[in-house]
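Below is one structure, written out as structure tokens; comments come after it.
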Amino acid sequence: TDKQEAKIVHPSESERFQLPNYPLRDRVASPNIAPILDKQFSVLSYNILADCYAHTAGYWYCKNLEQTSRHESLMKELSSLNYATILCFQEVTKDYFFSLLQPALSSLGYEGVYQQKDKQHKKNSNSRDGLATFYQKDRCILLASQPIIVNVLLVNTSKAKLGNTDMADSCYKDTVGLLTAFSIEGKIVSVGNVHLWFDWCRPDVQSLQGCMLLHELVEFAKTHKSFGYVYCGDFNSQVWTELYHLLTQGTMSADGKKDFLHPSLSVTIKNTQLFKPKTQTIPYYKIFEKHYTVSETVKSVYATIQGSEPQYTNYTGDFHGCLDYIFYSAGIVPMSVVTLPEEKDMRSEVALPNSVMSSDHLSLKAEFSISNREDKK
């Protein structure tokens, strides 16, 4: 049961991950799951801080932001965590992927796929980063990979509802998702790697992105007859937000609906109907209402095993909070998570990144198994 899964089993010394000068991180296991264990795999999710964002005034306290140095720290951290079957990275520039990250991980037996953020539909976008998903070649067979361009989903919905793209035009962001399907020892698992738009003044847009991408992942998993799926990345949303409620509960809360209908979350668009005003002001929620729901809810592996989300997954000089998650579907059984560093480690050099930890975010790692139920048809 979920209640049993939430109990914490303290790990042995052999299950503690640490390199010299690197914070101690424990493996915390979920009890009473032995009877249903089958194929096992692990997923690591990490916003690694793109070099194009690192050199800003916001990281004044970090002495060395040079990409090569941070890459070395990243590889040491991955080693200290014993890597993972599947690695999902956010904020990966195309240049970094091909020049450093892919060669380094290829030498360790990984292959990777990459998707840059959407520039075609986002005017004046200067984003150079994207998503990268790597997998261990000796354990996984890549069956399919599919980029999801959120702006394309918005355009299609706007056209169907309004007859034009005005609503989509007004909320264009460069958000993308990267979906992959793997055969792991004969059973198929899908993974959604995402990085949602950052703007806490527009929770309606964040929630819309998160729900649309989950819907695409659910359909992708069905198409490839996946036994289950993992949905992970930087959601730029804290536990108390409407997006977290939507993903884990399936529907909008009463307060969320009220908030999303507020005039401050409206946009003025052209009116195509005859004998009507030339423009109308309408909330995004009114147009995209059917998308503010999910057909399948997901659970957070950290909340399931530890009883709550980590207090921090992002720790900078001016913000501390939980923005990153590893969610999982039915058919996937959580086995363990790796705990996050203590706050004293993150504050040792003011905040993150520092000389040991290469990003302002923290890596998440979870181990799963596939239950012994019959495969989905």
Side-chain angles (χ1 to χ4, degrees), residues 2-3 5-6 43 45-47 88 90 131 148 150 153 171 173 175-177 191-218 228-262 265 283-285 288-316 319-330 332 334 337 339-340 360-366 368:
D2 290 345
K3 195 168 185 180
E5 289 176 359
V43 176
S45 180
Y46 200 179
N47 179 328
C88 295
Q90 302 87 45
L131 305 169
I148 301 297
V150 172
L153 304 180
C171 61
K173 309 303 169 192
T175 305
V176 296
V191 177
N193 181 4
V194 300
H195 185 190
L196 302 188
W197 181 50
F198 174 78
D199 187 347
W200 295 336
C201 293
R202 296 310 306 258
D204 54 335
V205 176
Q206 285 181 320
S207 296
L208 181 61
Q209 290 183 349
C211 290
M212 281 184 156
L213 286 167
L214 178 56
H215 173 77
E216 294 298 315
L217 175 58
V218 170
Y229 55 85
V230 173
Y231 187 39
C232 65
D234 179 357
F235 290 81
N236 268 319
S237 300
Q238 299 190 72
V239 176
W240 47 263
T241 60
E242 193 62 28
L243 174 58
Y244 189 91
H245 185 275
L246 276 163
L247 296 180
T248 57
Q249 303 301 317
T251 58
M252 292 277 291
S253 67
D255 287 341
K257 287 183 179 180
K258 182 179 178 181
D259 291 342
F260 285 9
L261 289 171
H262 193 274
L265 299 183
Y284 289 111
Y285 179 71
F288 299 109
E289 183 173 0
K290 71 174 184 178
H291 295 285
Y292 284 95
T293 184
V294 295
S295 59
E296 296 183 9
T297 57
V298 290
K299 295 181 180 179
S300 163
V301 65
Y302 275 83
T304 297
I305 291 179
Q306 297 195 131
S308 63
E309 299 292 354
Q311 188 173 4
Y312 313 113
T313 64
N314 180 230
Y315 203 96
T316 67
F319 174 79
H320 314 146
C322 182
L323 302 177
D324 307 79
Y325 307 93
I326 298 178
F327 295 107
Y328 65 97
S329 72
I332 304 294
V337 296
T339 59
L340 275 65
D360 57 338
H361 286 253
L362 295 165
S363 58
L364 305 179
K365 182 183 176 181
F368 300 95

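Reckoned from all heavy atoms, side chains included, excluding hydrogens, waters and symmetry mates.
Y302 has its side chain out of reach of C322: every pair of non-hydrogen atoms, C-beta onward, lies at least 4.5 Å apart. Looking only at side-chain heavy atoms (C-beta outward), V239 and Y325 come within less than 4.5 Å of each other. Taking 4.5 Å as the limit, every side-chain heavy atom of T241 sits out of range of all side-chain heavy atoms of P203. By the 4.5 Å heavy-atom criterion applied to side chains, D204 and F260 are counted as neighbours. Counting only heavy atoms from C-beta outward, the side chains of C88 and V191 approach each other to under 4.5 Å. Here the side chains of L153 and H215 are not in contact, with every heavy-atom distance at 4.5 Å or above. No side-chain heavy atom of L217 sits less than 4.5 Å from a side-chain heavy atom of L213. Contact annotation: the side chain of V205 never approaches that of D199 to less than 4.5 Å [non-hydrogen atoms, C-beta and beyond].
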Stepwise side chain to side chain contact (heavy atoms under 4.5 Å, CB included) check, F319 with D360:
CA-CA 10 Å; F319 174 79; D360 57 338; over 6 Å; no
Report the C-alpha distance between I148 and M212 in whole Å, list the side-chain angles of each, state the deciding distance to 0.1 Å, and finish with yes or no for side chain to side chain contact (heavy atoms under 4.5 Å, CB included).
CA-CA 10 Å; I148 301 297; M212 281 184 156; over 6 Å; no
Any chance you could lay out the side chain to side chain contact (heavy atoms under 4.5 Å, CB included) test for Q90 and N193, step after step, and finish with the verdict?
CA-CA 8 Å; Q90 302 87 45; N193 181 4; 2.9 Å; yes
Between T297 and Q249, is a side chain to side chain contact (heavy atoms under 4.5 Å, CB included) present by the stated rule, with each step listed?
CA-CA 6 Å; T297 57; Q249 303 301 317; 5.5 Å; no
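Checked by atom type and distance alone, the side chain of Y292 never pairs as donor or acceptor with a backbone atom of K257 at under 3.5 Å. With hydrogens and angles ignored, the 3.5 Å screen pairs a side-chain donor or acceptor of S329 with a backbone N or O of Y229. Distance alone, capped at 3.5 Å, is enough to place a donor-acceptor pair between the Q209 side chain and the W197 backbone. Under a 3.5 Å cut-off, the side chain of E242 and the backbone N or O of S253 do form a donor-acceptor pair. A donor-acceptor pair under 3.5 Å is absent between the side-chain atoms of T293 and the main chain of K290, judged by distance alone. H245 places a side-chain N or O within donor-acceptor distance of the main-chain N or O of T251, the cut-off being under 3.5 Å. Judged by distance alone, the side chain of Y231 and the main-chain N or O of G210 form a donor-acceptor pair under 3.5 Å. Panel note: side chain D234, backbone H195; no donor-acceptor pair is recorded below 3.5 Å.
L340 CG to Y315 OH: the interatomic distance, rounded to the nearest 0.5 Å, is 13.0 Å. Between atom NZ of residue K365 and atom OH of residue Y46 there is a gap of 14.0 Å, rounded to the nearest 0.5 Å. Here OG1 of T304 is found 8.5 Å from CD of E309. Values are rounded to the nearest 0.5 Å. Separation of atoms SG (C201) and CD (Q206) is listed at 9.5 Å; rounding is to 0.5 Å. Remark: L214 CG to L246 CG distance equals 10.0 Å, nearest 0.5 Å. Rounding to the nearest 0.5 angstrom, the gap separating the CG atom in N314 from the NE2 atom in H361 is 4.0 Å.
Across all non-hydrogen atoms, the minimal contact from C211 to V294 is SG-CG1, 4.0 Å. When all heavy atoms of Y244 and S300 are compared, the pair lying nearest together is OH-CB, 4.0 Å. Shown here for C232 and F235, the closest heavy-atom pair between the two residues is C-CE1, 3.8 Å. Smallest separation of non-hydrogen atoms from Q238 and L323: CG-CD2, 3.8 Å.
Evaluated for a side chain to side chain contact (heavy atoms under 4.5 Å, CB included) with L364, the options D324, N47, V43 yield exactly one hit, D324.
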